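Each remark here refers to the structure printed beneath this line.
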Amino acid sequence: MLSLSTSGFPPCPRPSKAATNASAPSGDASLCAFRAHHRAGRALHANPALIPALAACAQLPAAVAEAEQIHALLVKSGVPRTVPDVQASTSLVRAYARLGRVYDARKVFDGMPDRTVVTWNVLLDALVRDGDLDAAWEVFMEMPQRNVVSWNTIIAGCARNGWAQEAVDLFVEMTVAYGLAPDEATMVGFVSAVRDIGLLGIGKSAHAYVLRREFSLDGALGVALISMYTRCGSMGAAHSCFLSVTTKNVEHWTSLIAGFAAHGQPEKALRLFVKMRQVGIEPNGVTFVTVLNACSHGGLVSEGFKYFDLMRSMGIRPMIQHYGCLVDLLGRAGFLKEAFNLASNLPEDPGFVIWSSLLAACRSHGNVKIAELTASKLADAKPSHGSSYVLLSNTYARAKQWEDSKRTRRRMEEHGVTKKPGLSWIEVDGSVHSFATADKLHMESEGIYRMLEDLKHNLTSAACEPEPFALSEHL
DNA sequence: CTAGGGTTAG
């Protein structure tokens with residue numbers, strides 16, 4: 001039986017690095033080898049484990065001290081002049097960067113008398129990972145040589161940091177102006193940028209190119225393509241792309257499940273999840289976010305809690321996203337009080353996304369009281385954001401509290417807050433047309449609305465009564 | 001083991 005108590009949840013752990021410390025730096029094989037050679041009196045540049053040790057540091061979150069020690073030895077051994085010295089320093093730059101010490105990475109880089117394109121690429125990657133796209137761009141512009149890796153790093157970096165259009169432009173510059181052939185990694189970054197802009201036609205061309213080059217879809221590239229198709233609303237293409245992947249991993253599965261969850265087919269999403277486990281693929285925390293989302297969209301409240309328990313029984317610690325999904329699940333199903341209590345009692349604020357989803361649920365269910373409470377939480381989470389005013393105002397309107405509705409709108413104007421209208425878009429013959437609710441700006445608006453009326457008429461006569469309100473939201 | 005890639009809640 002479904003329990004809606006919100007007090008019995010386990011604490012929500014903050015993202016911690018503790019879990020990745022399973023292998024302590026002291027036990028790492030490369031570091032051990034390095035120390036053994038060092039103790040035996042071997043000179044630093046003759047230590048065959050020097051670069052492997054630095055590479056190990058780069059992926060051991062607790063290895064800052066080890067990296068610093070090796071750094072000190074490198075400094076003591078004198079000005080680097082040989083090729084292996086440049087490689088060692090480059091490895092040190094990378095180690096510092098991956099350990100979160102971007103400043104130190106840059107200092108080592110600045111102190112290097114000789115650098116290779118790899119050194120530059122390491123620095124570029126460090127800045128991209130740090131999310132400092134401006135600095136990365138500067139480095140990209142001033143580096144003396146660039147190779148495919150340089151381009152891949154900056155393209156993927158733009159794509160990951162919300163600069164999708166820049167990523168696409170860079171891809172064009174790389175391939176057209178510089179005549180460089182993209183490789184698998186290039187295509188991953190490009191396809192994910194294309195996905196964010198929603199350019200289905202370009203995405204299909206990219207897929208065709210991938211097939212022509214016979215790139216494998218087993219890794220990131222397959223995942224990116226499936227995700228591109230789902231986000232472009234092409235679930236059929238996403239599914240067949242998924243089927244064409246020879247060795248599917250958890251991310252291929254998760255991407256497709258997310259697509260069905262988001263496109264009104266929660267049962268398909270859940271069936272896919274069952275199938276995935278049957279073929280022996282272990283779901284991860286991200287998979288469960290998509291599964292809970294499917295339950296949310298399908299109104300499957302008790303199933304959602306069942307999957308939440310399953311996740312915990314599999315040893316996956318629930319994160320804020322999972323609790324957020326539960327809040328959304330409860331809210332959409334009309335359990336607004338329970339949803340609000342759960343969201344309020346988490347050790348970490350669930351954030352803007354969840355509070356607004358709850359506010360939207362309050363509007364749908366016409367609950368003014370919880371809407372007010374939620375709107376105030378939302379204002380704390382993200383002050384001066386237009387959508388909270390609009391949602392609250394609309395909640396009042398639905399409850400016919402016209403004065404409150406107007407007052408909320410007025411307050412929004414007084415605070416100088418605007419809400420950017422939500423836009424939908426459709427790609428026709430390669431060009432993208434975007435439009436808002438009740439938009440009449442398109443040149444062929446009249447014809448479009450006439451077509452819509454015809455469709456509604458046909459649906460009605462086919463005994464499929466369209467829901468007027470829901471439909472108008474999508475106009 | 002001197003460099004680059006992916007999935008996720010409105």
Side-chain angles (χ1 to χ4, degrees), chain A residues 29-30 33-34 48-59 83-95 97 115-126 128-129 147-157 159-160 183-192 195 215 217-228 230-231 249-259 261-262 283-297 319-329 331-332 350-361 378 387 391 422:
Chain A
S30 305
F34 173 79
L50 171 60
I51 287 167
L54 283 165
C57 289
Q59 49 189 33
V83 171
D85 285 334
V86 176
Q87 292 182 356
S89 299
T90 301
S91 304
L92 181 62
V93 175
R94 182 166 179 268
R115 306 169 184 126
T116 64
V117 64
V118 177
T119 319
W120 282 93
N121 285 343
V122 165
L123 179 68
L124 187 63
D125 178 60
V128 161
R129 280 173 190 271
N147 60 18
V148 181
V149 175
S150 326
W151 286 94
N152 294 351
T153 306
I154 192 79
I155 289 173
R160 272 204 308 267
D183 66 10
E184 286 188 26
T186 324
M187 296 310 288
V188 174
F190 178 58
V191 168
S192 59
R195 170 196 69 175
F215 289 154
L217 301 185
D218 290 355
L221 189 47
V223 177
L225 281 168
I226 295 164
S227 170
M228 181 274 295
T230 67
R231 297 283 261 269
N249 65 28
V250 61
E251 290 178 324
H252 294 105
W253 287 91
T254 301
S255 192
L256 192 64
I257 292 171
N284 61 23
V286 178
T287 314
F288 276 103
V289 170
T290 68
V291 166
L292 293 174
N293 190 226
C295 295
S296 222
H297 286 269
M319 306 281 280
I320 192 70
Q321 294 101 313
H322 302 108
Y323 290 103
C325 289
L326 292 187
V327 173
D328 187 50
L329 176 70
R332 280 173 191 263
F352 166 75
V353 168
I354 280 309
W355 288 121
S356 23
S357 93
L358 183 52
L359 187 50
L378 191 49
S387 60
L391 281 168

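Keep in mind it's a predicted model, so treat the numbers as computed, not measured. In what follows, every chain begins at residue 1, and chains take the letters A, B, ... in the order their sequences are listed.
Here B/dG10 presents its P atom at 15 Å from CG of A/Leu378, a figure rounded to the nearest Å. When the C1' atom of B/dT8 is taken as reference, atom CD1 of A/Ile257 falls 11 Å away, rounded to whole Å. Atom pair A/Asn147:CG and B/dT2:C1' shows a separation of 13 Å (rounding to whole Å applied). Atoms CG (A/Leu124) and C1' (B/dT2) sit 15 Å apart, rounded to a whole Å. The distance between atom CG of A/Asn293 and atom C1' of B/dT7, rounded to the nearest whole Å, is 13 Å. We find that CD1 of A/Ile226 is positioned 11 Å from P of B/dT8, with the value rounded to whole Å. Between the CG atom of A/Asp183 and the C1' atom of B/dA3 there is a distance of 12 Å, given to the nearest Å. The nearest whole Å value for the distance from the CE atom in A/Met228 to the C1' atom in B/dT7 is 15 Å.
Residue A/Arg231 has no polar side-chain atom (N or O) positioned under 4.0 Å from OP1 or OP2 of B/dT7. Phosphate proximity of B/dG5 to A/Arg129: present, with a side-chain N or O under 4.0 Å from OP1 or OP2. One finds no side-chain N or O of A/Asn284 lying less than 4.0 angstrom from the OP1 or OP2 phosphate oxygen of B/dT8. Residue A/His297 places at least one side-chain N or O under 4.0 Å from the OP1 or OP2 atom of B/dG10. Residue A/Arg195 places at least one side-chain N or O under 4.0 Å from the OP1 or OP2 atom of B/dT8.
Nearest to the side chain of A/Glu251, among B/dG5, B/dT7, B/dA9, sits B/dT7. With B/dT2, B/dG10, B/dG6 as the choices, the nucleotide that has an atom nearest any side-chain atom of A/Arg160 turns out to be B/dG6. Among the nucleotides B/dT7, B/dG10, B/dC1, the one closest to the side chain of A/Ser357 is B/dG10. Side-chain atoms of A/Thr254 lie closest to B/dT7 of the nucleotides B/dT2, B/dG5, B/dT7. Side-chain proximity of A/Ala156 to the nucleotides B/dA3, B/dG6, B/dA9 is greatest for B/dG6. In this structure, of B/dC1, B/dA9, B/dT7, it is B/dT7 that holds the atom nearest to the side chain of A/Val223. The side chain of A/Phe352 lies closest to B/dG10, out of B/dG10, B/dG6, B/dT2. Distance from the side chain of A/Arg94 is smallest to B/dA3 among B/dA9, B/dG5, B/dA3. Of all nucleotides listed (B/dT2, B/dT8, B/dG5), B/dT8 comes nearest to the side chain of A/Val286. If you check B/dT2, B/dG6, B/dT8 against the side chain of A/Gln321, the one that comes closest is B/dT8.
One side chain, A/Ser150 or A/Asn147, offers a donor N or O that lies under 3.5 Å from an acceptor on the other. In the model, A/Thr116 has a side-chain atom that pairs as donor or acceptor with a side-chain atom of A/Thr119 under 3.5 Å. Looking only at atom types and distance, the side chain of A/Asp183 has a donor-acceptor partner in the side chain of A/Thr186 under 3.5 Å away.
Base contact: A/Gly219 has a heavy atom under 4.0 Å from a base atom. Here A/Ala55 lies in heavy-atom contact (under 4.0 Å) with sugar-phosphate atoms only. Contact annotation for A/Ile51: backbone-only contact, meaning every heavy-atom pair under 4.0 Å involves sugar-phosphate atoms and none involves a base. In this structure, A/Ala360 reaches neither bases nor backbone, as no heavy-atom distance under 4.0 Å exists between it and the strands shown. Across all strands shown, A/Val148 has heavy atoms under 4.0 Å from base atoms, whether or not it also approaches the sugar-phosphate. Among the heavy atoms of the strands lying under 4.0 Å from A/Val122 are primed sugar atoms or P, OP1, OP2 only; no base atom is included.
The base of B/dA3 is paired with the side chain of A/Asn121 by a donor and an acceptor separated by under 3.5 Å.
With hydrogens and angles disregarded, a donor-acceptor distance shorter than 3.5 Å links the side chain of A/His322 to the backbone of A/Gly285.
Between B/dG5 and B/dA9, the distance separating the two C1' atoms is 24 Å to the nearest Å.
Residues A/Leu217 and A/Ile226 form no side-chain contact, since every pair of their non-hydrogen atoms from C-beta on lies 4.5 Å or further apart. Counting only heavy atoms from C-beta outward, the side chains of A/Gln87 and A/Thr90 never approach each other to under 4.5 Å.
Heavy-atom minimum distance, A/Leu292 versus A/Cys325: CB-CB, 3.6 Å.
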